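Below, all heavy atoms of this structure are taken into account, side chains as well, without hydrogens, waters or symmetry copies. Just so it is clear, the model here is predicted, and its values are computed rather than measured. The residues of the chain are indexed from 1 along the displayed sequence.
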Amino acid sequence: MKFKDVSNVAMIGSGTMGAGMSWCFARSGYDVNLYDVSPQQLERACARLESIQKLFVEEGLISAEAGRAARKRITTVTRLEESLDGVQYVLEAVPERLSLKQELFVQFERCTPDDAILATNTSGLRITDIAAVCRHPERVGGMHWANPAEIVPLVEVIRGERTSDNTVDVIYRVTEKLGKAPVVVNRDIPGFVSNRLQYAVFREALHLVETGVVSAEDVDRTLKCGVGFRYPWLGPLETADLGGLDVFHGISQYLFKELSNMTTSPVFFDEVVREGKLGIKTGQGFYDYQGVSRDEVLHKRDLYFIRQLKLIHEIKAR
Ligand SMILES: NC(=O)c1ccc[n+]([C@@H]2O[C@H](COP(=O)([O-])OP(=O)(O)OC[C@H]3O[C@@H](n4cnc5c(N)ncnc54)[C@H](O)[C@@H]3O)[C@@H](O)[C@H]2O)c1
């Protein structure tokens, strides 16, 4: 399969990720069959698509007419075989269980043209393990998005041990066509790149809170107002280049050995989870969300992200 031959896409799973990813494909001109094992979930996905469309139009990311056309390119399908029929590209977004994904990949091979690209949005399972059940593992690759998929630009393109160069190339170029920011991950390692970076920061944040160095609020403030404030514009290596590598090298000598190297979660974090304090969905996490509407918080988050995205586009276009 060549990049230019991809026009029809099957999205398998219409949950948190599937709906937003479908929108991105449709917006870029692809026809999407959106399949889910649960018809109720497909209904919820349709409602979510309506609200994404509304937000994108309101925020001027797409015209009303183009928004309607994009939405029309997404067809919900309740039979797996039908969703896969004749498509050149499959993106799987079902729950993170290896056996479930493997079962589906066997079906993908059975029901799609021989050279279709088979991609998975797995967060952490090995692409190589998912592809192990396939007759043609060379056409299986990772396409790892970030939530909310319709807004966050990053997509990691992951090469499994048997993924072909062509598969990596097609996933990469499709990602570019979607207006996203692809990054090739050359080895099928746990956490790929983005979660390794995210969890390195998360581990240190937990360690600092556990040892009483700083409150949860202030660890978040430190990131948002300091280190993280720079990140949309300068990555950690660009920051080091601007600061001077001699300076960063010198600090690394005494600081690396002080950083958390814990290999399991800290006890206080285990306890919080055991007590059912799971964050906004249970009303309590590191913060108190009693009486706070989850939908409102997520809407506000999406608005911030969209405005940041617009600002980045605007400044880059200058
Ligand atoms: N949520 C995130 O932040 C995020 C980010 C990046 C990657 N991912 C990955 O994306 C994948 C999907 O995550 P999600 O958060 O969208 O999950 P989700 O639970 O919101 O959605 C999964 C959907 O798959 C459907 N499903 C279950 N079994 C199915 C089957 N046999 N066939 C078709 N559909 C089936 C469910 O009905 C559900 O609608 C996972 O692998 C996850 O690790 C999630």
Side-chain angles (χ1 to χ4, degrees), residues 16-17 20 55 59 61 123-124 144-156 179-183 185 189-245 247-252 254-262 265-266 268-269 272 277-281 284-289 292 294 296-318:
T16 306
M17 299 304 288
L55 184 65
E59 286 295 306
L61 289 175
S123 302
H144 180 225
W145 299 54
N147 185 27
E150 65 278 15
I151 305 174
V152 183
L154 178 70
V155 175
E156 291 176 290
K180 296 287 189 180
V183 164
V185 181
I189 55 170
F192 309 135
V193 174
S194 61
N195 272 333
R196 290 178 88 97
L197 293 171
Q198 175 170 234
Y199 278 80
V201 172
F202 187 54
R203 176 168 67 177
E204 189 61 35
L206 290 173
H207 172 67
L208 291 169
V209 172
E210 186 192 33
T211 50
V213 173
V214 68
S215 65
E217 289 81 359
D218 282 352
V219 89
D220 280 344
R221 175 173 286 178
T222 307
L223 242 300
K224 291 191 289 187
C225 300
V227 179
F229 184 81
R230 298 191 284 244
Y231 278 168
W233 312 97
L234 293 174
L237 304 182
E238 288 170 313
T239 301
D241 266 356
L242 295 192
L245 295 190
V247 177
F248 274 72
H249 185 260
I251 295 172
S252 304
Y254 67 78
L255 196 53
F256 278 8
K257 61 179 185 297
E258 303 294 333
L259 299 177
S260 170
N261 62 0
M262 59 189 168
S265 54
F268 92 97
F269 185 39
V272 166
K277 296 178 182 162
L278 305 183
I280 198 163
K281 64 183 168 188
Q284 179 75 47
F286 293 115
Y287 297 86
D288 182 7
Y289 299 96
V292 175
R294 182 170 190 255
E296 271 174 33
V297 171
L298 293 185
H299 181 69
K300 202 165 158 192
R301 173 201 72 176
D302 290 354
L303 266 186
Y304 283 153
F305 286 173
I306 280 197
R307 289 182 187 179
Q308 177 166 305
L309 192 62
K310 279 163 49 175
L311 184 62
I312 291 170
H313 286 164
E314 193 188 304
I315 290 177
K316 285 193 174 156
R318 275 184 203 155

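- Side-chain atoms of Glu204 and Val201, non-hydrogen and from C-beta on, never get closer than 4.5 Å to each other.
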Would Tyr289 and Lys281 count as a side-chain contact (heavy atoms from CB on, under 4.5 Å) if you check the C-alpha gap in whole Å, the side-chain angles of each, and the deciding distance to 0.1 Å? CA-CA 9 Å; Tyr289 299 96; Lys281 64 183 168 188; over 6 Å; no
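- Atom-to-atom distance recorded for Leu309:CG and Glu314:CD is 11.5 Å, nearest 0.5 angstrom.
- Once rounded to the nearest 0.5 Å, the distance linking CD of Glu296 with CD1 of Ile280 reads 10.0 Å.
- Pairing each heavy atom of Pro148 with each of Asp302, the nearest pair is CG-OD1, 3.5 Å.
- Contact check for Trp233 versus Glu238: no side-chain heavy atoms found under the 4.5 Å cut-off.
- Counting heavy atoms from C-beta outward, Leu55 and Glu150 have side chains that stay 4.5 Å or more apart.
- Listed here is the closest heavy atom pair of Asn147 and Val152: O-CG2, 3.7 Å.
- Counting all heavy atoms, side chain and backbone alike, Phe192 lies closest to Ser123 at CE1-O, 3.5 Å.
- Side chains of Leu206 and Arg203 form no contact here, defined as non-hydrogen atoms less than 4.5 Å apart.
- Taking CZ from Phe268 and NE2 from His207, the interatomic distance works out to 11.0 Å, rounded to the nearest 0.5 Å.
- Pairing each heavy atom of Gly20 with each of Ala149, the nearest pair is C-CB, 4.1 Å.
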Quick one: do Val193 and Arg196 satisfy side-chain contact (heavy atoms from CB on, under 4.5 Å)? Show the steps, please. CA-CA 5 Å; Val193 174; Arg196 290 178 88 97; 5.9 Å; no
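- Contact of the Leu223 side chain with the Val219 side chain is not registered, since no non-hydrogen atoms from C-beta on lie closer than 4.5 Å.
- Looking at heavy atoms from C-beta onward, Leu259 lies in side-chain contact with Phe256 at the 4.5 angstrom threshold.
- Residues Phe286 and Val209 have side chains not in contact (no heavy-atom distance under 4.5 Å, counting atoms from C-beta outward).
- Within 6.0 Å of the OH atom in Tyr199, the count of heavy atoms belonging to other residues, nucleotides or ligands does not exceed 12.
- If you take OG on Ser194 and CH2 on Trp145, they are separated by 13.5 Å, rounding to the nearest 0.5 Å.
- Atom-to-atom distance recorded for Asp218:CG and Leu208:CG is 11.5 Å, nearest 0.5 angstrom.
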Which is it for Arg301 and Val297 under the side-chain contact (heavy atoms from CB on, under 4.5 Å) test, yes or no, and what are the steps along the way? CA-CA 6 Å; Arg301 173 201 72 176; Val297 171; 5.6 Å; no
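- Formation of a donor-acceptor pair under 3.5 Å by the Lys277 side chain with backbone atoms of Asp288 is not found in this model.
- We find the CD1-OH distance between Ile151 and Tyr304 to be 13.5 Å, quoted to the nearest 0.5 Å.
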Please walk me through it: do His144 and Asn195 pass side-chain contact (heavy atoms from CB on, under 4.5 Å)? CA-CA 10 Å; His144 180 225; Asn195 272 333; 4.0 Å; yes
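- For the residue pair Gly228 and Pro232, the shortest heavy atom distance occurs at O-CD, 3.4 Å.
- Counting heavy atoms from C-beta on, the side chains of Lys310 and Ile306 come closer than 4.5 Å.
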